[in-house]
Amino acid sequence: MEMTVLLFGRLAEIAGTAKLIIPAVEDTGVLAAVMHERYPEMATVRYIMAVDRQTVTSPVLLTAQNSVAMLPPFSGG
Amino acid sequence: MEMTVLLFGRLAEIAGTAKLIIPAVEDTGVLAAVMHERYPEMATVRYIMAVDRQTVTSPVLLTAQNSVAMLPPFSGG
Amino acid sequence: MREGKSKNIFVSGAIAPAFIADSIEKHTVKTGIGGHSIFLGQVRADEKDGHRVSAIEYTAYEDMANEKMEVIREAIFEKYPLTCMHVYHSLGIVKTGELCLFVFTSAPHRKAAIDACEEVVERLKAELPVWGREVLDNETHQWKVNR
Amino acid sequence: MREGKSKNIFVSGAIAPAFIADSIEKHTVKTGIGGHSIFLGQVRADEKDGHRVSAIEYTAYEDMANEKMEVIREAIFEKYPLTCMHVYHSLGIVKTGELCLFVFTSAPHRKAAIDACEEVVERLKAELPVWGREVLDNETHQWKVNR
């Protein structure tokens with residue numbers, strides 16, 4: 001099972017892509033750990049996660065059906 | 001000596017003109033009395049006076065050089 | 001305030017959307033600006049005693065209004081860090097749905113532009129000697145009252 | 001909020017003054033409107049470490065941003081007696097002096113239009129997943145931080 005992670009702003013820049021396909025993980029906490037291991041610079045960046053376009057503030061369980069995104073601080077307008 | 005009185009809004013409508021030339025009066029209080037006598041309907045209308053484009057709240061002395069105006073409540077915008 | 005030194009805020013008839021676009025466009029060269037706030041007054045088809053307002057005819061004590069606006073402008077520039085400010089008010093007939101007032105403030109940061117714009121609108125409605133005569137669809141009229 | 005049901009607020013590149021004029025013009029037929037409030041965001045030529053911002057490149061999580069905007073829209077209409085509300089945000093490159101945000105609220109009375117416009121601007125800046133990458137005149141860049 002794989003899952004898609006959308007990356008934005010500086011996080012997309014660090015990964016060199018806006019969309020990553022990674023082996024499925026059980027929750028957003030594990031996802032963060034996996035990402036930080038793969039891209040150590042991400043651990044130094046402030047961001048929040050969104051699951052199915054809703055921001056989450058504590059770890060939530062994931063399935064491959066969820067769309068997960070990592071969002072640096074917004075700076076629109 | 002004569003003086004010019006500018007009228008606006010409903011007051012101009014009552015007088016049928018936007019500009020009146022009247023015999024000079026000594027202050028704004030007398031002016032109001034003269035105007036009310038000439039146009040009784042004016043006594044029933046809310047207005048303020050302006051002398052040289054500054055609104056006045058108590059009677060002020062007038063000379064023929066002053067520009068006097070009678071201003072109903074503003075309703076611009 | 002010296003007489004005859006004030007900008008003229010009055011324009012004849014309705015304010016055209018294209019005029020607003022031109023005003024906005026002119027600010028492209030002012031690259032210190034980060035935000036613009038605009039207020040537009042539009043003539044509303046109010047119902048008065050069973051009759052509908054079809055237009056407002058504006059008159060003003062123009063010299064006094066322009067002088068007052070200059071006083072307001074100076075106070076606003078003293079209070080808010082603005083880059084610029086423009087005000088236009090219609091004179092004569094403005095039909096329902098058309099624009100009669102255009103207030104436009106610009107600043108490096110949004111807060112100043114937004115707060116200044118609102119304050120200008122409030123002050124000019126209270127302080128400028130301008131009168132609106134509401135023309136009703138039965139050819140009668142009544143004097144507008146600001147609330 | 002059902003997926004795919006939200007309006008799309010995003011436009012490619014800068015927002016043209018003529019587009020704003022067209023939006024204003026369309027409200028002529030809504031004769032219940034008495035006031036419009038507009039906020040425009042303009043890209044500022046800020047100085048960063050001795051280099052000048054020449055443009056901002058905007059990206060967004062578009063689906064999420066449009067859904068969030070719909071939530072904001074519903075809250076605003078519940079809170080204020082508005083006639084209508086329109087929001088447009090740029091994506092891609094917007095040069096300094098050009099417009100990147102257009103918020104437009106209309107109401108029978110000015111207060112609702114003005115307050116709603118300000119609240120929409122504040123909320124969208126805080127809540128919409130949009131990012132600005134400031135392009136500097138030495139070809140480097142840095143990520144914009146909202147204050």
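Every chain is numbered from 1 and lettered A, B, ... according to where its sequence line falls, protein lines coming before strand lines.
- For C/Glu57, no part sits under 4.5 Å from any heavy atom of chain B, backbone or side chain.
- Heavy atoms closer than 4.5 Å to chain C are found in the side chain of B/Leu6, but not in its backbone.
- Considering only heavy atoms from C-beta on, B/Leu31 comes within 4.5 Å of B/Ile22 through its side chain.
- Interface residue C/Tyr61: backbone and side-chain heavy atoms are both found under 4.5 Å from chain B.
- Within a 6.0 Å radius of CD in C/Glu78, no more than 12 heavy atoms belonging to other residues, nucleotides or ligands are found.
- At a threshold of 4.0 Å, the pair C/Glu134-C/Lys144 does not count as salt-bridged, since none of the basic side-chain nitrogens sits closer than that to a carboxylate oxygen.
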Check: Given the rule in the ring pair (Phe, Tyr, Trp, His ring centres under 6.0 Å) test, do C/Phe104 and C/His27 qualify, once you have shown the distances and angles that lead to the verdict?
Finding: CA-CA 11 Å; C/Phe104 185 13; C/His27 292 75; 4.7 Å; yes
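- Between C/Ile76 and C/Glu119 there is a side-chain heavy-atom pair separated by less than 4.5 Å.
- In this structure, the portion of B/Ala50 lying under 4.5 Å from any heavy atom of chain C is its side chain and not its backbone.
- Of the listed residues C/Pro129, C/Ala65, C/Gly132, the one with more heavy-atom pairs under 4.5 angstrom with chain B than any other is C/Pro129.
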